[in-house]
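Taking it in order: structure first as structure tokens, then the write-up.
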Amino acid sequence: MQVSDRLVTAGGRDHDAVSNKTVIYRAKDALVSIGYSGVAYVGDMPMDEWIAGTLWGGLPPRGADGVRPAKSLGFAPVTRDIGQAVAHLEQAIGGLGSAAIEAHGLYLTIAGWQENRNGMRPVVIEIERRAGVTTIRRSPRRFPKGQEFRVHSIGARVSAEAAQAHFASLRTARGLCCTIEDVETRLAAIIRETSTGSPGVGANLLSVRLPRPDLGWSMCRFLPAELHAVRIEAAQGSMVTDVAHCPWIVGPSVLYPPGVEVGETVLGLGGLPFVIVGAAPRAGLRGLSSSIRRPPPAGRPRR
């Protein structure tokens, strides 16, 4: 389970309010969610787009306007297992050079499920670029008994005591007893509490659920603090409808950019279904999926 805010700030002001800070990646042997914090751009490219393109094996294609990323349903230029993908990402991050990266750092948490001879095992990998040095930490292959539930955080600091307080009501004499919905609710509450005292943290959130693949389908859900809507213009007139947002999704035969969504979309990621939960359809509109324009770095002209 990953829950992230969607706000990028620059100079203490809101800059990109639709930055999901999340990439879903299907490797040959794993399905993971990648969250990041720190520097928001590589040159003019948003960091989540740079991560997606690095894993995909090339620059994401553009739509008819030459600006918005386009969906691609062809085979990826490169497919890797999770070990190869992490090594490639670590090398690419280590090769980045800019004053922004040195000033703000770059922090990635990669979490999900990896296939092995005995089925599926949880995997957590953290990559950190700070002060010109790139380091990597991996979770143990087997979590010690009684420590199977773990919370990792990047970005704004959350104390262990504050996190534990949110989960205290779920603890029983037999250990932690909760559903995936319970965890999502509490992680969202932690971020929103943090956002009240930290102007760099937003209250509109994106949730990614990655249950063990044999126990259920993975999905992403938009958790807005207020409704988000778009206006659709057509020859018959215009319509305003609520929308949800989705992150970059990279699979062996699909590259799906962040966009606005109405209705549910099911993608096949190397044999594993992934559900994008859009806003509820309304009368006259059964579904909508459209990539979005992202703002350039602060101080650069908008294309």
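Here the structure is a predicted model, which is why all the values come from computation and not from measurement.
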Using a 4.5 Å cut-off on heavy atoms from C-beta on, say whether the side chain of N204 contacts that of H245. no
Over 12 non-hydrogen atoms of neighbours within 6.0 angstrom of CZ in R282: yes
Same hydrophobic cluster for V208 and L205, using side-chain heavy-atom links shorter than 4.5 Å among ILVMFWY? no
Under the side chain to side chain contact (heavy atoms under 4.5 Å, CB included) test against E261, which residue among S290, C220, S289 passes? S289
R293 with D65: basic N within carboxylate O range, under 4.0 Å: yes
Please check if the side chain of S139 supplies one atom and the backbone of V124 the other of a donor-acceptor pair under 3.5 Å. yes
May I ask you to check whether T22 and R6 show a side-chain donor-acceptor distance below 3.5 Å? no
Value rounded to 0.5 Å, distance of CD in E126 from CD1 in I110: 9.5 Å
Under a 4.0 Å N-O cut-off, is there an ion pair linking K21 with D48? no
Should we count CD1 of I180 as having more than 12 external heavy atoms under 6.0 Å? yes
Hey, are the side chains of W50 and I93 touching, using non-hydrogen atoms and a 4.5 Å cut-off? yes
In Å, rounded to the nearest 0.5 Å, how long is the span from OG of S153 to CD1 of I190? 8.5 Å
Same apolar cluster: L55 and V254, side chain cutoff 4.5 Å: no
When rounded to the nearest 0.5 angstrom, what is the spacing between CD in E49 and CH2 in W248? 5.0 Å
Is T54 close to H88 at the side-chain level, that is, under 4.5 Å between some pair of heavy atoms? yes
If every non-hydrogen atom of G251 is compared with every non-hydrogen atom of L269, which pair is closest and at what distance? CA-CD2, 4.2 Å
Applying the 4.5 Å side-chain criterion to the ILVMFWY set and letting contacts propagate, would V260 and V262 be lumped into a single cluster? yes
Looking only at side chains, do D182 and T179 share a donor and an acceptor under 3.5 Å apart? yes
Is it the case that the side chain of T196 and the backbone of E193 share a donor-acceptor pair, with hydrogens and angles ignored and the cut-off at 3.5 Å? yes
Is any side-chain heavy atom of P252 less than 4.5 Å from a side-chain heavy atom of R80? no
Heavy atoms only: give me the nearest Q114-A30 pair and the separation to one decimal. CA-CB, 3.9 Å
A side-chain contact here means heavy atoms from C-beta on lying under 4.5 Å apart; do R209 and R221 qualify? yes
Check P46 against R294 and note the closest heavy-atom contact, atom names and distance. CB-NH2, 3.5 Å
Please round to the nearest 0.5 Å and tell me the distance separating atom OH of Y256 and atom CG of L267. 6.0 Å
Looking at every heavy atom in both W56 and G74, which two are closest together, and how far apart are they? CH2-O, 3.5 Å
CE (M239) and CG (L285) are apart, to the nearest 0.5 Å, by 5.5 Å
Can you see whether S238 engages R231 through a side-chain donor-acceptor pair at a distance of less than 3.5 angstrom? yes
Can you tell me if CD on E181 sees more than 12 non-hydrogen neighbours from other groups inside 6.0 Å? yes
Please determine whether a side-chain nitrogen of the Lys or Arg among R26 and E115 lies less than 4.0 Å from a carboxylate oxygen of the Asp or Glu. yes
Nearest 0.5 Å please: distance from the NZ atom of K71 over to the CG atom of L73. 9.0 Å
With a 4.5 Å cut-off on side-chain heavy atoms, are E128 and I136 touching? no
Distance-only polar pair, side chains of Y41 and S19, donor-acceptor under 3.5 Å: no
Is R186 reaching over with its side chain to a backbone N or O of H166, donor-acceptor style, under 3.5 angstrom? yes
With side chains defined as the heavy atoms from C-beta onward, is the minimum distance between T109 and I127 less than 4.5 Å? no
Within-4.5 Å side-chain heavy-atom neighbours: Q2 and I34: no
